[in-house]
A.B. asks: 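Below you'll find the structure I mean.
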Amino acid sequence: MAQAPHKPLPKKVHIKTFGCQMNSYDSERMAEALEPEGYALTGDPAEADLVILNTCHIREKAAEKVYSELGRMRLAKERRRQEGRGTLIAVAGCVAQAEGTEIIARAPAVDIVVGPQSYHRLAFLVAEAWATGNGQLATDFPAEDKFAHLPERPQGKAQASAFVTVQEGCDKFCTFCVVPYTRGAEFSRAPAEIVAEVERLAARGVREITLLGQNVNAYHGAGPDGRPWTLAKLLRRLAQISSIDRLRYTTSHPLDMNDELIQLFDDEPKLMPYLHLPFQAGSDRILKAMNRKHTASDYEAVIRRVREVRPDIALSTDIIVGFPGETDRDFEATLALAARIRFAQAFTFKYSARPGTPAASLEPHVPDDVKRERLYAVQSLIDGDRHAFDRATVGRRLEVLFEGPGRKPGQIAGRSPYLQAVHVEGPKGLIGQIGVVDILASSPNSLTGVIKSGFEWREPAQAAV
Ligand code: SAM
Ligand code: SF4
């Protein structure tokens, strides 16, 4: 007699994501990988049969948050146990990779530890943990490509904008950074695989794709003839998917910002005028100690070329203050560089020593109060420039991709080409569509505007790929 197909019992999974956009993408893919096993997402950890913490190890604070969250999850697991319900706790992501065995020692309630290169094995690890009651550890860097072993992205989930990881890991070894150790060596997905994923997202109604990579502009995935494609070539191919209206990519490294990619800001209308290009520090001495392999003037030269082809571009960056040995004079060079460039956006961090990285053993450490003052100073400068950038868009007419409800009742919210949040009065039916908005005002974190009357909405994707 033929056996009935295996139909898993319905279960609930709660995923809490820490850190970067790549982790958000990984969380989505983990949820999708668990769906065929009967797991539906829940926002409430108390009703979850499986709790996954997808973690970040980039700074000490981010890693410590995981242990306090695990304390809360342990109590929830115990309450469920008293009610006769089982719970598995999994730690995924970069803390899992860096501290796998320590997690098991420090947090015995954890059942599964899975590194970022092994989450295609998650469904198997979960089944093993349920079946055997034994802890599962998967933190090696497997030879197989995890993307090739994940299920295809399912249809039917409406979403205006989506991330797609195209490149992972890093070979640059900046002395402060854990990424080369937690995400492993640089790896680019094949263009055909990426195009297929974007086509599936387009068929779901996605209008905007942000390509992700720790070093996205070093992308070099092997094309059908085995020859590597550049990021520019990949972007040009994705731009041919007619129902994808907007393309972005992040995060880039200044060394890989080549002319072909810069020229695309002029040549490809679907590529949005926004570039996130970390400079980290303005002092050449500190840049050298960071192993960034470029000077402040090299960075400015890249920015000049970008602005030549796209004068209105919104520039964004990452800045670290208080790297070991950073003097007041070094820090002033950081302020001066930021002031010359005038960023539309920036992410600023106090240096955090990460175990195992070369900078962790550099001296002298900058005292925390000095780091705090420098952070405040650079944030104030950036805030001023960000507000100036936003104010300069008041009075302009911009296309906005509406992504969800706004702050106030009756409002919807979306993003301008420059990635600014824009709020307007409008019906929810316009979510997922691109509209033309007259920008009326800017406030500290967003713009407000009115939908241009008489504008004909562009139809959402009809799988016209
Ligand atoms: N690949 C990107 C690049 O080349 O700049 C950055 C990736 S990293 C996930 C994001 C940002 O975190 C970095 O640009 C840096 O500013 C910051 N960061 C990384 N390690 C850090 C550390 N140990 N302390 C403080 N900030 C750090
Ligand atoms: Fe980390 Fe970026 Fe440097 Fe790579 S290039 S080591 S990801 S900061």
Side-chain angles (χ1 to χ4, degrees), residues 15-27 30 52-70 91-100 102-103 113-119 139 141 163 165 167-187 210 212-216 218 250-254 276-281 286-287 289-292 316-324 326 334 345-362 365-366 368 371-372 374-375 378-379 382:
I15 307 184
K16 180 153 182 165
T17 308
F18 300 81
C20 64
Q21 293 152 327
M22 196 173 281
N23 268 9
S24 306
Y25 174 82
D26 287 351
S27 292
M30 282 192 253
I52 302 174
L53 303 184
N54 192 9
T55 62
C56 172
H57 200 250
I58 201 82
R59 284 167 290 277
E60 190 181 358
K61 231 186 193 161
E64 273 311 312
K65 269 191 208 157
V66 174
Y67 287 101
S68 48
E69 191 65 28
L70 277 175
V91 179
C94 292
V95 177
Q97 188 63 45
E99 299 182 9
E102 195 186 331
I103 293 170
V113 173
V114 54
Q117 301 313 338
S118 302
Y119 67 71
T139 53
F141 289 105
F163 296 127
T165 292
Q167 180 273 337
E168 267 206 78
C170 185
D171 295 339
K172 295 245 179 347
F173 289 92
C174 300
T175 55
F176 52 81
C177 183
V178 289
V179 168
Y181 313 97
T182 55
R183 292 265 173 182
E186 200 178 289
F187 163 79
T210 302
L212 298 180
Q214 256 91 24
N215 239 255
V216 72
T250 197
T251 293
S252 297
H253 191 290
H276 181 67
L277 195 66
F279 78 83
Q280 314 297 0
I286 296 296
L287 285 170
M290 288 176 161
N291 192 33
R292 291 291 288 180
S316 162
T317 198
D318 290 344
I319 300 169
I320 297 177
V321 301
F323 185 81
E326 185 188 70
T334 295
Q345 166 85 277
F347 301 88
T348 51
F349 309 103
K350 287 194 286 181
Y351 169 73
S352 166
R354 307 311 294 125
T357 59
S361 50
L362 291 181
H365 287 284
V366 175
D368 200 55
K371 283 188 197 167
R372 213 173 314 125
R374 290 180 185 169
L375 190 70
V378 73
Q379 276 175 344
I382 296 287

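Since this is a predicted model, take the numbers as computed values, not measurements.
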A.B. asks: Does the cation-pi check pass for Arg354 over Phe176, that is, NZ or CZ under 6.0 Å from the six-membered ring centre and within 45° of its axis?
C.D. replies: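 Cation-pi check for Arg354 and Phe176: fails.
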A.B. asks: Please check: side-chain N/O of Thr17 versus main-chain N/O of Ser27, any donor-acceptor pairing under 3.5 Å?
C.D. replies: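 Looks like no, no N/O pair under 3.5 Å.
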A.B. asks: Does the side chain of Thr317 come within less than 4.5 Å of Phe347's, by heavy atoms?
C.D. replies: no
A.B. asks: From Thr348 OG1 over to Gln379 CD, what is the distance, rounded to the nearest 0.5 angstrom?
C.D. replies: 3.5 Å
A.B. asks: Looking at Ala98, is its backbone amide N or carbonyl O close enough to the side chain of Thr182 to form a donor-acceptor pair, meaning the two atoms are under 3.5 Å apart?
C.D. replies: no
A.B. asks: Where the side chain of Asn215 meets the backbone of Cys170, is there a donor-acceptor pair that is under 3.5 Å apart?
C.D. replies: no
A.B. asks: If I take atom CD from residue Gln280 and atom CG from residue Leu287, how far apart are they, to the nearest 0.5 angstrom?
C.D. replies: 8.5 Å
A.B. asks: Examine distances only and state if a side-chain atom of Asn291 and a backbone atom of Phe173 form a donor-acceptor pair shorter than 3.5 Å.
C.D. replies: yes
A.B. asks: Looking only at the aromatic ring of each residue, does the gap between the centers of Tyr181 and His57 stay below 6.0 angstrom?
C.D. replies: no
A.B. asks: Does atom CD (Glu102) have a neighbourhood of more than 12 heavy atoms from anything else shown, all under 6.0 Å?
C.D. replies: yes
A.B. asks: Check whether Gln21 reaches the backbone of Asn23 with its side chain - one donor and one acceptor, N or O, closer than 3.5 Å.
C.D. replies: no
A.B. asks: Is it the case that the ring center of Phe323 lies less than 6.0 angstrom away from the ring center of Phe349?
C.D. replies: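 Ring centres of Phe323 and Phe349 not closer than 6.0 Å.
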A.B. asks: Determine whether Val91 and Val114 make a side-chain contact, defined as any pair of heavy atoms from C-beta on separated by less than 4.5 Å.
C.D. replies: no
A.B. asks: Would the distance check show the side chain of Gln214 and the main-chain N or O of Glu168 forming a donor-acceptor pair, the cut-off being under 3.5 Å?
C.D. replies: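 Side chain of Gln214 to backbone of Glu168, a donor-acceptor pair under 3.5 Å: no, none is there.
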A.B. asks: Does the pair Arg374/Glu326 count as a salt bridge with the N-to-O cut at 4.0 Å?
C.D. replies: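 The answer is yes: the pair qualifies as a salt bridge.
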A.B. asks: Only one of Thr334, Ile320, Asp318 clears side-chain contact (heavy atoms from CB on, under 4.5 Å) with Phe279; which?
C.D. replies: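 That would be Thr334; it is the only one of Thr334, Ile320, Asp318 passing the side-chain contact (heavy atoms from CB on, under 4.5 Å) with Phe279.
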A.B. asks: Check side chain to side chain donor-acceptor pair (under 3.5 Å) between His253 and all other residues, then give those that pass, not counting sequence neighbours.
C.D. replies: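 For His253, no residue satisfies side chain to side chain donor-acceptor pair (under 3.5 Å) once neighbours in sequence are set aside.
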A.B. asks: Step by step, work out the ring pair (Phe, Tyr, Trp, His ring centres under 6.0 Å) result for His365 and Tyr351.
C.D. replies: CA-CA 10 Å; His365 287 284; Tyr351 169 73; 7.1 Å; no
A.B. asks: Any side-chain to backbone donor/acceptor pair from Thr175 onto Ala289? Under 3.5 Å, distance only.
C.D. replies: yes
A.B. asks: Checking the side chain of Gln345 only, and the main-chain atoms of Ser316 only, is there a donor and an acceptor separated by less than 3.5 Å?
C.D. replies: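 No, Gln345 side chain to Ser316 backbone: no donor-acceptor pair under 3.5 Å.
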A.B. asks: Please report the shortest heavy-atom distance between Leu277 and Pro254, naming the atom on each side.
C.D. replies: CD1-N, 3.7 Å
A.B. asks: Using only atom types and a distance under 3.5 Å, with no angle test, would you say the side chain of Gln117 pairs donor to acceptor with the backbone of Phe141?
C.D. replies: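 Checked: no pair found.
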